[in-house]
Number of protein chains: 2
Amino acid sequence: MSQAAQNYDVFQAIADPTRREVLRLLSQKEMPISKITAHFPMTRTAIAKHLHVLSEAKLVYGRKEGREKIYQLNPEPLEEVQHWLSYYEKFWNNKLSMLKYLVEKEEKKE
Amino acid sequence: MSQAAQNYDVFQAIADPTRREVLRLLSQKEMPISKITAHFPMTRTAIAKHLHVLSEAKLVYGRKEGREKIYQLNPEPLEEVQHWLSYYEKFWNNKLSMLKYLVEKEEKKE
DNA sequence: AAAATATAACACCTTTTGGTTTCACTTATA
DNA sequence: TATAAGTGAAACCAAAAGGTGTTATATTTT
């Protein structure tokens with residue numbers, strides 16, 4: 001994390017369980033940092049840093065409202081993960097596909 | 001990484017670009033460590049550690065064959081990532097679904 | 001049996017992560 | 001206009017991540 005933290009990618013952003021939990025929270029309702037922090041056993045500063053990482057990955061956006069900063073989810077970058085995954089889906093799907101194919105071929109013998 | 005590295009989860013395992021590249025390589029063909037290392041600008045020891053992380057996450061299996069250790073891909077754990085993602089798909093899919101719905105409704109007016 | 005090959009296991013180093021505490025700044029409110 | 005509330009930012013810290021090089025061990029090959 002540290003200070004000059006630049007170009008975090010989405011894979012790194014979702015690697016941390018706390019950050020995944022933050023995303024889940026924000027998926028239900030936008031909220032300010034202090035509200036988010038209340039759900040975790042750590043300081044507001046720590047959460048602020050996690051939000052910074054998520055923000056770098058464009059997974060959250062924050063707008064200032066009065067003295068609060070409201071964060072909201074932006075799920076779009078997750079499409080990159082989905083796309084990456086789609087390449088591997090065929091590997092585990094193939095097992096089912098192959099099984100299905102074999103079963104159907106067997107059935108046609110009747 | 002270090003020495004006693006235990007319980008790496010799949011999210012952490014795929015967070016590293018090198019490890020993702022290793023997975024891609026193994027998706028095409030199983031191979032021993034030295035063969036994998038040839039594709040990267042780092043030492044075999046470093047790759048061995050990455051393989052250890054991937055192995056902890058059950059994303060690769062290694063079998064010994066003579067003096068070589070052949071590693072092969074095991075994509076199953078990625079299903080956990082897919083499952084996690086599926087919760088968020090609705091957020092970005094909804095936009096498309098909504099658009100599609102609106103367009104179709106518009107078409108039916110004719 | 002000796003030499004070569006392939007990997008494993010250590011010890012070590014540097015940078016990054018994930019957290020803390022403290023202080024300053026801005027915006028509401030009594 | 002103080003004061004409270006909410007956040008931002010800096011300095012610091014321990015541990016983990018991601019590398020390195022060296023040494024040890026097992027398996028072929030000559």
Side-chain angles (χ1 to χ4, degrees), chain A residues 1-26 29-57 59-72, chain B residues 1-26 29-73:
Chain A
M1 240 178 225
S2 79
Q3 45 288 8
Q6 69 276 55
N7 50 329
Y8 275 98
D9 75 316
V10 66
F11 286 95
Q12 256 178 285
I14 65 171
D16 186 273
T18 301
R19 286 195 289 268
R20 288 201 298 278
E21 185 65 11
V22 168
L23 290 180
R24 203 193 56 80
L25 274 176
L26 293 181
K29 198 178 192 317
E30 59 176 28
M31 49 179 97
I33 296 195
S34 46
K35 216 46 166 280
I36 300 173
T37 305
H39 291 79
F40 297 91
M42 60 186 81
T43 62
R44 185 186 47 75
T45 310
I47 296 296
K49 288 189 182 179
H50 281 303
L51 282 169
H52 185 248
V53 174
L54 290 171
S55 179
E56 289 256 344
L59 281 165
V60 301
Y61 287 136
R63 72 172 186 283
K64 216 163 170 199
E65 204 159 281
R67 61 188 165 187
E68 294 189 326
K69 184 152 183 190
I70 317 274
Y71 278 91
Q72 66 183 82
Chain B
M1 238 178 224
S2 79
Q3 46 286 9
Q6 68 274 60
N7 51 327
Y8 275 98
D9 75 317
V10 67
F11 286 94
Q12 254 178 287
I14 65 172
D16 185 273
T18 301
R19 285 195 289 267
R20 288 200 298 279
E21 185 64 12
V22 168
L23 290 180
R24 203 193 55 81
L25 274 177
L26 292 181
K29 198 178 192 315
E30 59 175 28
M31 49 180 97
I33 297 194
S34 46
K35 225 21 172 293
I36 300 173
T37 305
H39 291 80
F40 296 92
M42 60 185 80
T43 61
R44 187 184 48 71
T45 310
I47 296 296
K49 287 188 183 180
H50 281 302
L51 282 169
H52 184 247
V53 174
L54 290 171
S55 179
E56 289 255 344
K58 305 266 171 61
L59 280 165
V60 301
Y61 287 135
R63 71 172 185 284
K64 216 159 172 206
E65 204 159 280
R67 62 188 163 188
E68 291 188 326
K69 183 153 183 189
I70 316 274
Y71 279 92
Q72 65 183 80
L73 176 71

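Everything numeric in this text was worked out from a predicted model, so none of it was measured.
Nearer to the 5' terminus of DNA chain C, by closest-nucleotide assignment, is the contact made by B:K35 (compared with the other of B:K35 and A:G66). Take the nearest nucleotide of DNA chain C for B:P32 and for B:T45: the residue whose nucleotide is more 5' is B:P32.
Here the P atom of nucleotide C:dG18 and the CD atom of B:Q12 are 8 Å apart, to the nearest Å. One can place NE2 of B:H52 at 16 Å from P of C:dT7, the figure rounded to the nearest angstrom. The NZ atom of B:K69 sits 18 Å away from the P atom of D:dT25 (whole-angstrom rounding). Rounded to an integer number of Å, the gap from B:E65 CD to C:dT5 C1' is 15 Å. Here D:dT3 presents its P atom at 16 Å from CZ of A:R67, a figure rounded to the nearest Å. Here C:dG18 presents its P atom at 16 Å from CD of A:E21, a figure rounded to the nearest Å. Protein atom CD1 of B:I47 is 14 Å distant from nucleotide atom C1' of C:dT7, rounded to whole Å. Protein atom CZ of B:R63 is 19 Å distant from nucleotide atom C1' of C:dA8, rounded to whole Å.
Between A:K35 and A:E68 there is no side-chain heavy-atom pair separated by less than 4.5 Å. Counting heavy atoms from C-beta outward, A:L59 and A:V53 have side chains that stay 4.5 Å or more apart. Contact check for B:E30 versus B:R63: side-chain heavy atoms found under the 4.5 Å cut-off.
Base engagement by A:T43 is indicated by at least one non-hydrogen atom pair under 4.0 Å involving a base atom.
In the set C:dT7, C:dG19, C:dT22, C:dT7 carries the atom at the smallest distance from any side-chain atom of B:I33. With distances taken from any side-chain atom of B:H50 to the nucleotides C:dT26, C:dT7, D:dG18, the minimum falls on D:dG18. Comparing C:dT7, C:dG18, D:dG18 by their closest approach to the side chain of B:S34 singles out C:dT7. Closest contact between the side chain of B:Y71 and the listed nucleotides C:dT20, C:dG18, C:dA8 involves C:dA8.
Side chain B:K49 to base D:dG19: a donor-acceptor pair is found below 3.5 Å. One donor-acceptor pair, N or O on each side, does fall under 3.5 Å between the base of D:dG8 and the side chain of A:R44.
With hydrogens and angles disregarded, a donor-acceptor distance shorter than 3.5 Å links the side chain of A:R19 to the backbone of A:A13. Proximity of a side-chain donor or acceptor of A:R20 to a complementary backbone N or O of A:I14 within less than 3.5 Å is detected.
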